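What follows is a set of notes on a single structure, which appears directly below.
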Amino acid sequence: MAETNPKAPAAPARVPHQARTAKSKVEVRGVTKLFQRKSDTLEVLRGIDLSVESGEFLCLLGPSGCGKSTLLSIIGGFEQPTSGSVAIDGVEVQRPDPRRIFVFQEYGIFPWASVWDNVGLGLRERPKEEQAHIIRRYVDLVGLTGFEKAYPAEISGGMKQRVALARALAVSPDIIFMDEPLGALDSLTRLQMRGELLRIWQQEQPTILFVTHDVDEALQLGERIVVMSPRPGRIAEIVPVDLDHPRDLGTAAYGRLKNRLYELLGVGHAV
Amino acid sequence: MNFLPYLVVVGALIAIAAASRLRDPLPKYLLPLLVAVIFVCLWQVAADAARYELKDADGQFVRWVEVFPTPRSTVLGMVQPVKDGTLLRYAISSVYRVAAGFGLAAVIGIPLGLWAGWYTRGFEALNPLIQALRPISPIAWIPLAVLWFGVKDAAAIFLIALASFFPIVTGSMTAVRTIPMVYVRSAQNFGLKGFELFRRVVFPACLPQIITSLRMALGIAWMVIVAAEMIAVDSGLGYLIMDARNANYYDRVVGAMISIGLIGVALDLMMRRLERFDEVRWGFSKV
């Protein structure tokens with residue numbers, strides 16, 4: 001599989017997604033997912049078409065039960081669509097791939113291994129020195145230097161999610177799938193982690209597909225927001241967010257986008 | 001009537017009441033020690049109440065008959081087996097048999113359980129048989145064990161292996177079947193498969209539960225060894241109980257019982273030490 005690493009040594013200024021001319025990274029075509037239950041069939045996803053550009057930060061926003069996590073699992077190769085297809089770099093996705101890493105809400109880091117060993121999970125086949133070099137770099141990038149020997153039970157939830165992030169970044173993935181990765185954190189840690197995530201994204205340039213049900217989270221992070229409607233899950237609208245980082249939550253533009261998202265989700269913003 | 005035990009019990013109860021009001025941390029062994037003191041006193045009281053006078057045909061007092069040896073006579077009864085080394089020798093034989101049988105069960109049971117837990121077909125095939133054999137008390141196997149192995153170590157080891165095997169295999173099987181999916185998914189995402197997936201994820205994820213099942217199995221094994229030694233061999237603590245009973249040395253019976261309890265505690269404490277390793281601590285406590 002011919003693949004060029006899109007990462008340039010010096011991070012170029014980010015190009016808004018509309019201006020990118022490269023072929024899209026992820027192509028989702030007509031994806032449908034049915035779950036067979038005892039007596040009936042549950043239609044989880046219907047006719048999903050979606051293109052994701054290389055290096056894009058894309059948020060999937062929707063109420064719980066709208067199938068956004070299922071869609072992410074299908075794109076990641078953990079589940080198969082009932083019909084339709086997903087291609088990454090033009091190759092159909094069949095199974096999970098170490099170049100595309102999932103970060104789960106429940107962290108998925110191993111409690112029996114130290115922070116150091118967790119971050120090194122994907123580097124097993126590299127020479128020891130190289131492993132150490134990479135692990136040190138990403139532990140530092142997520143701000144966990146000094147905790148290398150700690151075990152997950154000894155660190156906070158936010159730190160665990162940093163370990164999961166460092167573990168994902170250490171293999172230089174070209175796509176990171178995040179399924180409500182900040183959902184288990186307290187609200188202050190969540191805000192702080194959003195900032196960290198943006199900083200890391202800008203520095204490392206991976207494509208990120210980020211599932212959330214939090215409107216503010218999607219607005220703070222995403223270049224585009226795919227709003228999904230529930231049962232069966234469909235794309236209601238794809239909302240571009242043309243605001244520069246750091247995004248000022250107090251501006252009128254932000255407010256208008258937020259209202260728009262609430263409308264699409266079918267809830268009035270004024271309670 | 002001897003009031004001393006009652007006085008000691010009251011004293012110990014007051015000490016417990018006083019100690020539990022203290023805010024400072026107590027010495028770890030204080031409360032268990034006081035409870036043990038109360039237990040021994042109640043034992044003394046019960047033993048005193050249960051003894052009766054033996055009289056001859058003329059109604060003349062001959063001697064006291066103890067149906068329940070007192071703590072004092074138990075200690076005195078154990079002097080000889082301790083002095084001549086019988087107790088130590090028997091304890092070593094019992095521990096040796098348990099170690100051999102338990103080790104055998106672990107060596108077979110853990111891999112088998114992990115295998116059957118990982119492959120659904122293996123589970124479906126093996127589990128019904130295991131669950132049907134499991135409720136059969138190992139004691140029910142004693143006649144067959146003696147028939148097959150004779151009155152030898154092998155018979156007892158076989159029984160212990162049998163007794164430990166089922167908790168170990170069931171525990172390992174359940175451990176694999178309840179691994180949180182998120183670990184397996186992460187591992188597969190990072191390209192782990194085959195033996196590496198097993199070594200780096202499946203086995204470590206199961207280890208705390210395996211250790212718990214080993215602990216349970218060792219407890220059961222230690223209970224079964226006594227029964228096995230009463231019939232299937234001619235040494236060991238179980239044999240000591242049977243032998244003392246046949247010679248009417250009930251003080252020695254109780255002494256052997258206490259030795260069994262103490263060694264059981266020691267074995268369990270050893271198993272609990274396994275829970276403290278970094279690789280498994282997460283499975284036993286929050287931090």
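These numbers were taken from a predicted model, which means no experiment stands behind them. Note that these values count all heavy atoms, side chains included, but never hydrogens, waters or copies made by symmetry.
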Measure the shortest side-chain to side-chain distance between [X] and [Y] over non-hydrogen atoms and say whether it is less than 4.5 angstrom.
X: A/Phe110; Y: B/Arg200; result: no
X: A/Phe104; Y: B/Ser186; result: yes
X: B/Leu192; Y: A/Arg124; result: yes

What residue in B/Gln188, B/Glu196, B/Met181 has the most heavy-atom pairs under 4.5 Å with chain A? B/Glu196
Shortest non-hydrogen contact from A/Asp97 to B/Asn189?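 Closest approach of A/Asp97 to B/Asn189: O-ND2, 3.2 Å.
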Measure centre to centre between the rings of A/Trp112 and B/Tyr183, then say whether the value is under 6.0 Å. yes
Under a 4.5 Å heavy-atom cut-off, does chain B meet the side chain of A/Tyr151, its backbone, both or neither?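 It is the side chain, since no backbone atom gets that close.
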Please state whether the side chain, the backbone, both or neither of A/Arg95 comes within less than 4.5 Å of a heavy atom of chain B. neither
Calculate, to the nearest 0.5 Å, the distance between atoms OG and CZ belonging to A/Ser73 and B/Arg185 respectively.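 Result: 4.0 Å between the selected atoms.
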Inspect the surroundings of [atom1] in [X] and state if more than 12 heavy atoms from other residues, nucleotides or ligands are less than 6.0 Å away.
X: A/Glu129; atom1: CD; answer: no
X: A/Phe35; atom1: CZ; answer: yes
X: B/Met271; atom1: CE; answer: yes
X: B/Phe198; atom1: CZ; answer: yes
X: A/Phe78; atom1: CZ; answer: yes

Heavy-atom proximity to chain A below 4.5 Å, by part of B/Val201: both
Who among A/Ala164, A/Pro96, A/Gly122, A/Pro111 has the most heavy-atom pairs with chain B under 4.5 Å?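 Highest number of heavy-atom pairs under 4.5 Å: A/Pro111.
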